Amino acid sequence: MSHTAAELEQAVREIAEEMRARTDRGTVADYIPELAQVDARQFGLVVIDAEGRVAAGGDADTPFSIQSISKVFTLTLALGMVGDRLWRRVGREPSGSPFNSIVQLERERGIPRNPFINAGAIAVTDVILSGHQPREALGEILRFLQFLAQDPSIVIDEAVAASEQRTGFRNAALANYMKSFGVLDNPVVYTLGVYFHHCAIAMSCRQLAAAGRFLAHSGVNPATGLSVISAERARRINAIMLTCGHYDGSGDFAYRVGLPGKSGVGGGILAVAPGKASIAVWSPGLDAAGNSHLGRIALEALTRRMGWSIFGV
Ligand SMILES: NC(=O)CC[C@H](N)C(=O)O
């Protein structure tokens with residue numbers, strides 16, 4: 001064991017205190033009206049290590065909109081349903097473009113660069129939807145998260161989903177454009193409805209860190225001992241999180257933090273220290289690439305302190 005419970009708790013407590021005091025907080029996403037109302041002064045951090053010890057700091061139990069972090073779980077589900085055939089619909093290269101960019105889609109004939117940009121996640125959602133009613137597909141995604149976190153209280157924030165459904169014209173454009181290339185099988189409104197709703201799932205840092213544990217432990221959730229996916233698949237999902245999890249900020253995140261991670265415009269980040277810990281951080285203010293400003297800074301401080309970067313201490 002490389003750290004004691006007291007060391008981890010102290011690190012998390014001190015980082016949370018430091019982040020609370022900072023005045024540079026980034027800007028809350030305002031293109032989804034419901035998210036624009038979130039108080040930017042909040043900050044939460046939860047680490048669950050390999051032994052199952054939980055270190056929590058700040059607003060660790062406040063639910064927030066997981067947004068694009070849901071894309072990790074929809075990717076996991078879709079790979080479970082169709083296996084490597086998924087890669088016919090979506091690539092796995094970093095995009096170097098903003099999360100909602102449409103430009104690459106034309107050149108690449110409607111096949112999105114990776115499953116973590118919006119277009120890619122919409123294509124993955126379409127795969128999960130096939131053969132189901134939208135309500136069933138959504139229920140499947142939600143139950144998967146409840147199962148991973150061992151917490152049936154996780155719900156969808158309907159106000160956030162409705163807010164995005166009303167204003168998500170750019171996502172509608174992406175979906176229609178992919179549909180024109182035959183990349184989506186289902187009616188665009190159904191696919192988008194499921195997509196908006198899984199983005200609107202609300203979770204706390206504590207729940208999110210618990211849900212991510214299988215990625216840190218070769219596909220097995222140590223809380224239940226159950227194998228969620230194979231070790232190889234967990235490793236590959238982590239690789240895509242490292243290279244694509246922060247859009248065109250992925251290189252900088254790897255440089256500064258050195259962990260596979262996935263951000264969302266709600267200000268959350270799920271990060272995975274393989275073999276060591278599952279980490280969830282949340283601070284609603286975003287940087288220019290749409291990633292949590294203080295979340296990234298907190299993760300950088302944590303990995304440095306614990307020696308957890310996958311690239312060395
Ligand atoms: N980066 C994100 O979290 C984007 C997700 C958001 N639901 C959108 O589609 O715009």
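Keep in mind the model is a prediction, meaning the values are calculated, not measured. Position 1 is the first residue of the sequence, and the numbers go up from there. We count ligands from 1, going down the list as the structure has it; atoms in each ligand are counted the same way.
Looking only at distances, no side-chain donor or acceptor of Asp61 sits under 3.5 Å from a matching main-chain atom of Ser204. In terms of modelled atom types and a separation under 3.5 Å, the side chain of Gln150 and the main chain of Phe147 share a donor-acceptor contact. Not a single donor-acceptor pair under 3.5 Å links the side chain of Trp282 to the backbone N or O of Ile66.
Contact residues of ligand 1 (protein heavy atom closer than 4.0 angstrom to a ligand atom; sorted by chain and number): Tyr31, Gln67, Ser68, Phe99, Asn118, Glu164, Asn171, Tyr195, Cys199, Tyr247, Gly264, Val265.
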Inset, instruction - Could you please spell out the steps behind the side chain to side chain donor-acceptor pair (under 3.5 Å) verdict for Asp24 and His293? - result: CA-CA 8 Å; Asp24 59 320; His293 175 69; 2.9 Å; yes

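The aromatic rings of Phe73 and Phe214 lie tilted to each other, with the angle between the two planes from 30° to 60°.
Residues meeting the side chain to side chain donor-acceptor pair (under 3.5 Å) test with Glu136, sequence neighbours left out: none.
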